[in-house]
Amino acid sequence: MASLKRWVLVGVAACCALALAYLPPRGVKSSDKSLFVGQSPQATRARQHAQALAEDWRNADAAVRLLEERQRVKRDSFRASHTIVLRGATLSPNSVHNVDAVMDSMWRDLGLGETKVRVTLVIELQRSSGSADSPTPLQDRVAYLTPDSTDRTTCMASLPAGPYWTSFILGKRYARLRQHEGFVLWLEAGLGPCAFYAAYGTPGRPVQRWLAARNWDVGRYLGSHGIAGERFSSLDLMGDPRSPWYWDGVYSFPPATVACLAGRPSGCRAAVLAGAAEEETIPIPDVVLVERRWWGAQHLLPGERYLGDVARTIGRDRFLSFWTSGQPVDTALALALKRPVGEWTADWERGFVRTIRLGPAPPLGAVVLAVAIAVLVLTVVAATASRRQVR
């Protein structure tokens with residue numbers, strides 16, 4: 001009997017060892033340091049303050065540029081429902097004509113004709129750095145100026161071209177078919193909220209407040225293709241699902257976003273309606289600045305094409321009833337979808353990503369090791385008991 005107790009104690013000790021090895025200690029604060037990963041040096045408080053001021057200056061400068069461009073557009077009353085303005089370099093007439101032709105073709109592909117809301121796409125070509133006493137102007141973030149009470153018929157979009165598309169527009173890069181298609185998709189994605197204003201007009205107040213509260217993350221792409229061709233979306237920007245950093249990115253999103261990726265209608269509903277209950281006043285002017293890593297700030301994945309897919313699925317008339325509705329967003333959207341918002345969105349989500357599993361999932365190696373130890377302990381205990389059996 002003493003031998004049996006000894007083997008039972010051995011089994012308990014082995015389980016405790018596994019628990020200590022695989023369960024993190026509780027009540028211990030992280031030191032925010034790693035012995036294996038190099039730590040980037042933190043900027044001083046003065047440096048962080050200077051960077052924050054420079055960022056505010058760039059944002060204000062971008063807003064002022066858009067307002068100035070809108071005033072120029074208002075003076076040119078003969079302009080059509082869409083136009084392109086190129087800033088930052090002197091272009092040849094042939095280059096300007098080529099860009100205008102691509103814009104016209106893209107406009108037709110979106111199914112847009114003469115619209116009540118005019119769209120002006122300002123392409124900021126790559127320019128040299130600013131002077132030493134002022135920050136460099138905003139050259140890496142897309143910005144929009146939506147219609148407001150001062151101008152209800154003009155939507156402005158500022159699209160930084162960067163070195164690649166600047167060379168393409170200036171004719172310094174040989175234009176192949178794939179590059180031409182990529183340029184069309186880049187322009188199409190650059191329209192952002194302005195494409196919805198052109199297609200459906202000004203949204204109702206509840207919808208407008210909802211979109212402003214979430215920085216238009218569900219209304220940035222009207223086209224039927226992905227943001228960079230085929231079905232490329234913000235999910236692809238997160239990397240390969242087989243890599244560990246992909247899951248670090250997934251679990252950095254709000255709980256409702258992760259629950260929607262898991263196919264839960266309640267999570268999808270909460271992800272879609274985030275910001276719908278807020279009663280904040282829409283600023284004038286209403287400038288929408290897209291985050292640099294915008295896919296990491298979404299409440300829904302791939303949210304950039306959500307409203308575009310809703311519009312294509314339910315048709316123009318039903319989408320217009322939602323877009324211009326004065327009812328709460330959840331009510332108006334459910335009526336337009338003719339289904340609960342969470343259920344429709346969960347089905348839509350499955351078209352882009354395999355449903356992930358939530359809940360505890362021990363590592364495979366730990367499971368195999370634990371089962372092997374358990375089988376060994378039970379075998380030893382059974383063998384010991386059989387030897388001491390009284391015949």
Side-chain angles (χ1 to χ4, degrees), residues 66-67 69-86 99-124 142-159 183-212 214-227 282 284-290 303-325 336:
L66 285 172
L67 288 169
E69 291 293 347
R70 188 167 71 175
Q71 290 299 320
R72 295 190 186 99
V73 171
K74 289 176 66 175
R75 290 195 295 267
D76 297 337
S77 58
F78 62 88
R79 292 197 177 192
S81 57
H82 65 278
T83 187
I84 284 185
V85 177
L86 299 167
V99 175
D100 286 337
V102 172
M103 182 69 175
D104 292 339
S105 176
M106 180 265 295
W107 196 258
R108 291 191 298 270
D109 291 342
L110 289 175
L112 302 175
E114 291 298 325
T115 59
K116 294 182 179 179
V117 176
R118 296 184 301 175
V119 175
T120 298
L121 181 59
V122 181
I123 299 180
E124 297 284 352
V142 182
Y144 303 98
L145 177 60
T146 61
D148 52 43
S149 58
T150 62
D151 189 341
R152 302 181 185 275
T153 61
T154 305
C155 186
M156 306 291 298
S158 176
L159 186 60
F183 184 61
V184 173
L185 292 172
W186 178 69
L187 289 178
E188 193 174 296
L191 290 178
C194 291
F196 287 89
Y197 273 95
Y200 304 106
T202 302
R205 296 296 292 178
V207 174
Q208 195 173 11
R209 284 195 297 264
W210 167 61
L211 291 171
R214 54 192 300 151
N215 206 34
W216 281 82
D217 69 327
V218 293
R220 292 181 182 167
Y221 189 70
L222 181 62
S224 58
H225 302 288
I227 54 177
I282 300 175
I284 297 176
D286 184 16
V287 178
V288 180
L289 285 172
V290 179
E304 72 277 1
R305 58 177 300 154
Y306 181 74
L307 286 183
D309 287 345
V310 169
R312 279 185 293 275
T313 302
I314 66 178
R316 178 177 179 83
D317 293 338
R318 284 164 59 186
F319 186 80
L320 266 176
S321 67
F322 156 73
W323 186 255
T324 59
S325 175

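Here the CG atom belonging to Asp100 is positioned 6.5 Å from the OG1 atom belonging to Thr83, to the nearest 0.5 angstrom. Taking CG of Leu191 as the reference point, atom NE2 of His82 lies at 9.5 Å (rounded to 0.5 Å). With rounding to the nearest 0.5 Å, the separation of CG in Leu320 from OG in Ser325 is 11.5 Å. Here the CG atom belonging to Leu159 is positioned 4.0 Å from the CH2 atom belonging to Trp186, to the nearest 0.5 angstrom. With values rounded to the nearest 0.5 angstrom, Glu188 atom CD is found 10.5 Å from Met103 atom CE. Distance CG/Leu112 to SG/Cys194: 11.5 Å, rounded to 0.5 Å.
Taking the side chain to side chain contact (heavy atoms under 4.5 Å, CB included) definition, one finds that Thr313 meets it with Trp344, sequence neighbours left out. Phe322 pairs by the ring-ring contact (aromatic ring centres under 6.0 Å, His included) definition with Phe319, not counting sequence neighbours. Asn215 meets the side chain to side chain contact (heavy atoms under 4.5 Å, CB included) test with Arg220, Val288, Glu291; sequence neighbours excluded. Residues satisfying the side-chain hydrogen bond (donor to acceptor under 3.5 Å, both in side chains) test with Asp286, not counting sequence neighbours, are Thr146. Checked against side chain to side chain contact (heavy atoms under 4.5 Å, CB included), Val102 has the following partners two or more places apart in sequence or in another chain: His180, Phe183, Val184, Leu187. With sequence neighbours left out, Asp148 forms a side chain to side chain contact (heavy atoms under 4.5 Å, CB included) with Arg70, Thr150, Ile284, Pro285. When the side-chain hydrogen bond (donor to acceptor under 3.5 Å, both in side chains) test is applied to Thr154, the partners found at least two apart in sequence or on another chain are Asp151. Residues meeting the side-chain hydrogen bond (donor to acceptor under 3.5 Å, both in side chains) test with Tyr306, sequence neighbours left out: Thr345. Listed by chain and number, the residues in a side-chain hydrogen bond (donor to acceptor under 3.5 Å, both in side chains) with Arg316 amount to none (sequence neighbours excluded).
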Apply side-chain contact (heavy atoms from CB on, under 4.5 Å) to the pair Glu69 and Val85, showing each step before the final yes or no. CA-CA 9 Å; Glu69 291 293 347; Val85 177; 4.0 Å; yes
Test side-chain contact (heavy atoms from CB on, under 4.5 Å) on Val117 and Thr153 and set out the steps. CA-CA 4 Å; Val117 176; Thr153 61; 5.6 Å; no
Report, one line per pair, each donor and acceptor closer than 3.5 Å where one atom sits in a side chain of residues 196-205; sequence neighbours left out.
none

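Panel note: side chain Arg312, backbone Leu222; a donor-acceptor pair is recorded below 3.5 Å.
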